[in-house]
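Lettering follows sequence order; numbering is per chain, from 1.
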Amino acid sequence: MTVRVRFAPSPTGEPHIGNIRTVVFNWLFARKMGGQFILRIEDTDRVRYQPQSIPVIMEGLRWLGLDWDEGPSLEELRRLGVEDPERYAVGGPHGPYVQSERLALYKRVAEELIERGWAYRCNCTPERLEQVRARQRARKQMVMYDRHCRDLPPGAISPDEPHVIRLKVPLTGQTVVHDIIKGDIVFENAGIDDQVLLKSDGFPTYHLAVVVDDHYMKITHIARGDDWISSTPKRILIYRAMGWEVPTYCHVPLVLGEDGRKLSKRHGATSITEFRDQGYLPEALFNFLALLGWSPGGGEEREIFSRKELIERFDLFRVNRAPAIFSYDKLDWMNGVYIRKLSQADLLERLLPFWQRAGLVPDPCPEEMRERLRRIVPLVQERLKRLDEVVEWTAFLFREIEAPPAEKLVGKRMTPEESLAALRQARSLLAEVEPFEPEAMEPPMRALAAELGLKAGQLFGIVRWAVTGQKVAPPLFGSLAVLGRERVLARLDAAEAALLTR
RNA sequence: GCCCCCAUCGUCUAGUCUGGUCUAGGACACGGGCCUUUCAAGCCCGCGACAGGGGUUCGAAUCCCCUUGGGGGCACCA
């Protein structure tokens, strides 16, 4: 039997990185087992429905390299109003892959459940239900439906009047969830609510839709967050009632924020889009996510794995039982590792949009500008943890700077007069040196420092402040060369003036 | 309130199933040093954990029980 897993997002907003981590596990498992990974859109919540989030979800998956083998077809995406539907259309033999297109199927199953004695119609008003719950809360009882309509005679509620269909959960006995990560989990049926399966608007609830779709789409393994554990028995009951085979459950622990609480906005980036816009590389994020709650074991002490290596090593059964905290620090480190591994040409392409968005480089980028960028890349490559940092590292190379305050132009353990003299000497040296390249500049500049009785760092520090306007900057001579002699001399002159008028 | 899950350095984890090789290994972060034109990168060193208590056993991080702590769920949301 071939392994089939799915990601079934609800289009109610941007996918959360914790869910994406679970998607990574699903995808890895499918690829490892030579199975299929299916994308299904669960748009049964018409209240929270946000159609724009559908392409955002798909774009995020694409960006992270999580390709799906079956998913919404061209026609389905068109009907959803997705822009550029050709880009995401996949289709497949078990469609439609959008739940709002499968309503007749859910209704049929719900009616069959009634016929089989496993469900019943209920026309309790939301007001009454709220009263029941309030009373239960006040008495500190378990909050659940009081089964008011459960034993009404058949036909008491007409199929034509507004009503919902509820699951008729056995009053006694136990339901066991066999979970490959947690083991067997036993639930008393008496504690399971008579869940609504079909809403009065004709849409199914998640519990019905997910079972029906997983069954007809032949899903074999369900790996999802363990916040779903307590509702799993309801679904097992539906499988049994319909005589369907129950898939294998793998409840993976949640991803928490750095304060140990459920990861949310206040912890930092939580959606794929944000991670992309902050300059995380998809391959780094993928590597990091794969290792969040799972590790290859076997004495393996590496942390950096290619996509191929992760597929080879991945094992759903080895996923950790305890929840993991998302560490932005470690992700930053790993992203830096991946940035350093990039070829200069590749890094340039990835940096370009960040420069352009900051308005430092025009879009499209002219060829002579590209030539300059090629010389900048090696200056910053080993300093970046995130691509967006390139803007602050290199802005001084693109824009005019303000002359730094005089006190910054005084070298360590030097007087203003000594600094001024050093600046002038450096200026005349840099005015003459030929060619205006690091290899030609550095030796005479070092000689100059020695001549003035200065450490190289003292002299270079003054020039750095004068030319970059910053204490910290990319390597000095590489920066000077990129800037060009003319602008360097102008900035040195401005610095000299600042020092004189202090 | 009820139900469920979980528990190794601050964090991610190896080791747990198949007790001894664990005076518990690696990585991030942190502290120190080397290198060095700043910052990085790199290299070296250091700090740092089996939640607590009972068992079982010759022997427990590993098996069992209790306590504590953390997390999740209890909708005509997913």
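Taking the centre of each ring, A:F29 and A:W294 stay at or above the 6.0 Å mark. With ring centers used as reference points, A:Y328 lies under 6.0 Å from A:F326.
Taking atom P in both B:U57 and B:G70, the straight-line distance is 35 Å, to the nearest Å. Using atom P as the reference point in both B:G20 and B:C12, the two lie 25 Å apart (nearest Å). As rounded to the nearest Å, B:U62 and B:G53 have P atoms that lie 13 Å from one another. To the nearest whole angstrom, the two C1' atoms, one in B:U56 and one in B:C66, are 15 Å apart. One C1' atom belongs to B:G55, the other to B:G59, and the distance between them is 15 Å to the nearest Å. Straight-line distance between the P atoms of B:G69 and B:A60: roughly 28 Å, to the nearest whole Å. Comparing B:G15 with B:A61, their C1' atoms are spaced 8 Å from each other, to the whole Å. Rounded to the nearest Å, the gap between the C1' atom of B:C22 and that of B:C64 is 22 Å.
At B:A78, none of the side-chain N or O atoms of A:R40 fall inside 4.0 Å of OP1 or OP2 (strictly under the cut-off). Considering only side-chain N and O atoms, A:R235 lies nowhere under 4.0 angstrom from the phosphate OP1 or OP2 of B:A78. Taking 4.0 angstrom as the limit, A:N320 places a side-chain polar atom (N or O) nearer than this to OP1 or OP2 of B:A14. Between B:A78 and A:K199, a contact under 4.0 Å exists linking OP1 or OP2 to a side-chain N or O. Taking 4.0 angstrom as the limit, A:R340 places a side-chain polar atom (N or O) nearer than this to OP1 or OP2 of B:G42.
For the pair A:R6 and A:F37, the cation-pi criterion (under 6.0 Å, within 45° of the ring axis) is not fulfilled.
Under a cut-off of 6.0 angstrom, the local environment of NZ in A:K199 is crowded, with over 12 non-hydrogen atoms contributed by other residues, nucleotides or ligands.
Using a 4.0 Å heavy-atom cutoff across all strands shown, A:F203 reaches no nucleic acid atom at all. Nucleic acid contact class of A:R224 (heavy atoms, under 4.0 Å, all strands): none. If you check every strand for non-hydrogen atoms under 4.0 Å, A:R139 touches nothing. Counting non-hydrogen atoms under 4.0 angstrom, A:L254 reaches the backbone sugars and phosphates but no base. Counting non-hydrogen atoms under 4.0 angstrom, A:E42 reaches the backbone sugars and phosphates but no base. When heavy atoms are screened at a 4.0 angstrom cut-off, A:P253 is found touching no nucleic acid atom at all. As judged by a 4.0 angstrom heavy-atom cut-off over every strand, A:T44 is placed among residues touching the sugar-phosphate backbone only. A:R48 comes within 4.0 angstrom of a nucleotide base, judged by non-hydrogen atoms across all strands. A:R137 comes within 4.0 angstrom of no nucleic acid atom, judged by non-hydrogen atoms across all strands. Residue-level contact check: A:A324 touches the backbone only, with heavy atoms under 4.0 Å from sugar-phosphate atoms and none from bases. Residue contacts shown for A:G293 are limited to sugar-phosphate atoms, with no base heavy atom under 4.0 Å away. Here A:V164 lies in heavy-atom contact (under 4.0 Å) with a base.
Looking at the side chain of A:L129, the nearest of the listed nucleotides B:C39, B:C76, B:A78 is B:C76. Proximity note for A:S200 (side chain, C-beta onward) versus B:C39, B:C76, B:A14: the nearest is B:C76. Looking at the side chain of A:S10, the nearest of the listed nucleotides B:C76, B:A78, B:G72 is B:A78. In the set B:U13, B:A75, B:C5, B:A75 carries the atom at the smallest distance from any side-chain atom of A:R133. Which of B:U11, B:A78, B:A29 sits closest to the side chain of A:S327 comes down to B:U11. Of the candidates B:C5, B:G25, B:U38, B:G25 carries the atom nearest the A:E301 side chain, counting heavy atoms from C-beta on. Of the candidates B:A78, B:A41, B:C4, the closest approach to any side-chain atom of A:F187 belongs to B:C4.
For the pair A:K385 and A:I325, nearest-nucleotide mapping onto RNA chain B gives the more 5' position to A:I325. Summary of the strand contacts: A:N123 and A:I181 both lie near RNA chain B, and taking for each the nucleotide with the nearest heavy atom, the more 5' one is attributed to A:I181.
Looking at residues 441-468 of chain A, you'll see A:R446, A:G457, A:F460, A:R464 sit with a heavy atom under 4.0 Å from some atom of RNA chain B.
In terms of polar N and O atoms assigned as donor or acceptor, the side chain of A:E300 never comes within less than 3.5 Å of the base of B:G26 in a complementary pairing. Contact of A:K330 with B:A27 (side chain to base): a donor-acceptor pair of N or O atoms is detected under 3.5 Å. Contact of A:R383 with B:C39 (side chain to base): a donor-acceptor pair of N or O atoms is detected under 3.5 Å.
Salt-bridge formation is detected for the pair A:R147/A:D194: a Lys NZ or Arg NE/NH1/NH2 atom is positioned less than 4.0 Å from an Asp or Glu carboxylate oxygen. A salt bridge links A:R40 with A:D213: the distance from a Lys NZ or Arg NE/NH1/NH2 to an Asp or Glu carboxylate oxygen falls below 4.0 Å.
Residues A:E161 and A:N123 bring a donor and an acceptor atom of their side chains to less than 3.5 Å of each other.
Using N1 to N3 plus N6-O4 or O6-N4 for Watson-Crick, or N1-O2 and O6-N3 for G-U wobble, each under 3.5 Å, B:G46 pairs with B:C30.
Going from atom CD1 of A:I238 over to atom NE2 of A:H215 covers 13.0 Å, rounded to the nearest 0.5 Å. Atoms NE2 and CZ, from A:H251 and A:R321 in turn, are 15.0 Å apart once rounded to the nearest 0.5 Å. With rounding to the nearest 0.5 angstrom, the OG1 atom of A:T175 is 12.5 Å from the CZ atom of A:R235.
The shortest side-chain heavy-atom distance between A:L198 and A:K107 falls under the 4.5 Å cut-off.
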